[in-house]
Amino acid sequence: MKIVDLSHANADAQQGKALPEWLVRLQAVLTHGWGWYQTHQAEERMVRMMSGVLGSRFVLFKGLQIAENTPPLPPVLVGSSGVYLFYVWPKAGSYRIRETQWEIMQGKPRRYRPARPNVVKEAIRLAGEASVFFSQVFEKEVEAVPVLVFMDSGADVESVRPKVRPVLVDGLKRYVARLAKSEPVLAPTDLVNVGETVRRMLAREENKVRQQAVRRRRHRLKKVAQPPKAVKQVERYFNFTAKQWMILGGIAFVVLFVLMSGILFVAMTMH
């Protein structure tokens with residue numbers, strides 16, 4: 001399995017600007033909370049397990065950020081059998097998925113109760129974003145499959161017509177092995193240099209965002225540089241050039257300075 005790491009930390013490392021790994025993780029924990037670190041560790045473990053099963057025909061994208069000011073997507077696997085978004089749940093417990101409902105067993109009666117956040121709906125939403133993005137990459141409609149992976153061996157899951165594919169850690173290798181044998185959805189030509197295609201698309205989008213930011217900045221500066229409406233009316237009335245206005249402003253400043261100095265002198269010499 002090929003791994004394409006698009007995270008900012010990896011990009012900085014390639015450019016020689018990387019911070020120490022412990023500092024990068026500390027910043028992420030302070031920004032996103034301890035839950036981020038648990039999920040990150042679980043994702044890394046999941047990737048190692050998948051790497052031992054899938055061949056080079058599959059590409060896994062890490063740190064794929066498809067929109068400005070939004071968190072990166074969870075790991076996205078692309079292969080001949082399609083596109084899969086792997087949403088990792090790192091905690092132990094008893095869970096139930098009913099269609100899009102996310103429930104956790106709580107309390108002494110040991111009953112399932114709806115939980116927040118609803119990670120099932122979140123996985124479906126993120127898979128929808130991945131679907132839109134990779135449909136642009138392959139220039140045809142592609143639907144990303146949301147997979148909810150429970151990486152703690154103490155997790156137990158019941159499901160009733162789930163809208164996501166729940167996978168326990170002890171069944172992860174079997175699941176991805178079946179993906180390699182599934183009926184092809186994408187042609188080999190679609191997968192040629194898919195990593196570079198994604199990088200080019202992201203770079204093009206980043207350049208577009210940068211150009212829009214420059215245009216907005218220039219527009220703001222232009223608005224700030226424009227004189228008030230009253231000044232414009234005076235300019236039209238007197239028809240002075242910019243240089244003449246500067247000279248007039250300088251004369252006014254000198255006159256005001258002399259006047260204030262005279263007033264101050266008189267005030268200081270009065271008895």
Side-chain angles (χ1 to χ4, degrees), residues 1-5 35-64 72-106 110-131 134 142-186 191 194:
M1 180 178 73
K2 298 178 182 177
I3 299 176
V4 178
D5 191 346
W36 172 89
Y37 184 72
Q38 290 180 300
T39 302
H40 174 75
Q41 292 290 86
E43 285 181 352
E44 291 297 307
R45 183 180 167 214
M46 180 192 72
V47 171
R48 288 194 297 269
M49 293 177 66
M50 294 169 62
S51 297
V53 178
L54 296 174
S56 59
R57 293 181 301 163
F58 283 83
V59 180
L60 183 79
F61 292 91
K62 295 169 55 181
L64 175 58
L73 292 177
V76 178
L77 181 69
V78 178
S80 59
S81 56
V83 178
Y84 303 85
L85 180 132
F86 285 82
Y87 191 106
V88 172
W89 184 253
K91 302 177 183 178
S94 296
Y95 307 96
R96 182 167 65 185
I97 302 172
R98 293 193 298 172
E99 297 185 349
T100 62
Q101 187 67 38
W102 170 247
E103 300 175 347
I104 299 178
M105 185 177 285
Q106 296 174 335
R110 303 291 292 170
R111 294 177 180 174
Y112 287 106
R113 302 179 187 277
R116 295 289 182 272
N118 188 326
V119 298
V120 174
K121 289 185 177 180
E122 180 66 6
I124 294 172
R125 182 186 69 82
L126 294 173
E129 294 182 2
S131 299
F134 282 96
V142 176
E143 183 176 355
V145 178
V147 183
L148 186 54
V149 184
F150 298 82
M151 287 303 297
D152 194 297
S153 57
D156 180 65
V157 184
E158 294 183 13
S159 59
V160 181
R161 298 184 300 276
K163 298 300 182 181
V164 299
R165 179 68 165 85
V167 177
L168 296 175
V169 62
D170 56 5
L172 177 62
K173 290 185 177 181
R174 291 194 300 273
Y175 176 71
V176 294
R178 285 200 299 269
L179 297 182
K181 300 176 182 178
S182 299
E183 183 178 350
V185 174
L186 298 173
L191 301 174
V194 63

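Source: prediction; values computed, not measured. Keep in mind that the numbers below use all heavy atoms, side chains included, and drop hydrogens, waters and symmetry copies.
Smallest separation of non-hydrogen atoms from A144 and A127: CB-O, 3.5 Å. Considering every non-hydrogen atom in both F150 and A155, the closest pair reads CB-CB, 3.9 Å. Between Y112 and Y95, the shortest heavy-atom distance links the atoms CE2-C, 3.6 Å. Among all heavy-atom pairs drawn from P146 and A123, the shortest one is CB-O, 3.8 Å. Shown here for V194 and F61, the closest heavy-atom pair between the two residues is O-CZ, 4.2 Å. Heavy atoms only, all atoms of each residue included: V88 and M46 are closest at CG2-SD, 3.6 Å.
The structure places CG of L64 at 9.5 Å from CG of L85, a figure rounded to the nearest 0.5 Å. For the atom pair CZ of R57 and CG of L179, the computed distance is 11.0 Å after rounding to the nearest 0.5 Å. Between the OG atom of S56 and the CE atom of M1 there is a distance of 11.5 Å, given to the nearest 0.5 Å. Taken from CG in L148 to CD1 in I97, the straight-line distance is 5.0 Å, to the nearest 0.5 Å. Note that the CG atom of D152 and the CH2 atom of W89 stand 11.5 Å from one another [nearest 0.5 Å]. In this structure, CG in L191 is found 9.5 Å from NZ in K2, a value given to the nearest 0.5 Å.
The list of salt bridge (Lys or Arg N to Asp or Glu O under 4.0 Å) pairs with a residue in residues 158-167, not counting sequence neighbours, reads E99-R161.
Residues V4 and V59 meet the side-chain proximity criterion, which asks for heavy atoms closer than 4.5 Å. Within the 4.5 Å cutoff, side-chain heavy atoms of Y87 are placed close to those of P74. R125 is listed as a side-chain neighbour of E129, based on a closest heavy-atom distance under 4.5 Å. Looking at heavy atoms from C-beta onward, L54 lies in side-chain contact with L77 at the 4.5 angstrom threshold. Looking only at side-chain heavy atoms (C-beta outward), V149 and Y175 stay at 4.5 Å or farther from each other. A heavy-atom distance below 4.5 Å is not found between the side chains of M50 and P75. Side-chain contact between M151 and V169 is present, with heavy atoms from C-beta onward closer than 4.5 Å. Contact of the I3 side chain with the S51 side chain is registered, since non-hydrogen atoms from C-beta on lie closer than 4.5 Å.
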Test side-chain contact (heavy atoms from CB on, under 4.5 Å) on V76 and F134; report intermediate values, then the result.
CA-CA 10 Å; V76 178; F134 282 96; 3.7 Å; yes
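Considering only residues two or more places apart in sequence or on other chains, R113 meets the side chain to side chain contact (heavy atoms under 4.5 Å, CB included) condition with Q106. Scanning for side chain to side chain donor-acceptor pair (under 3.5 Å) contacts around Y84 gives S81, with sequence neighbours left out.
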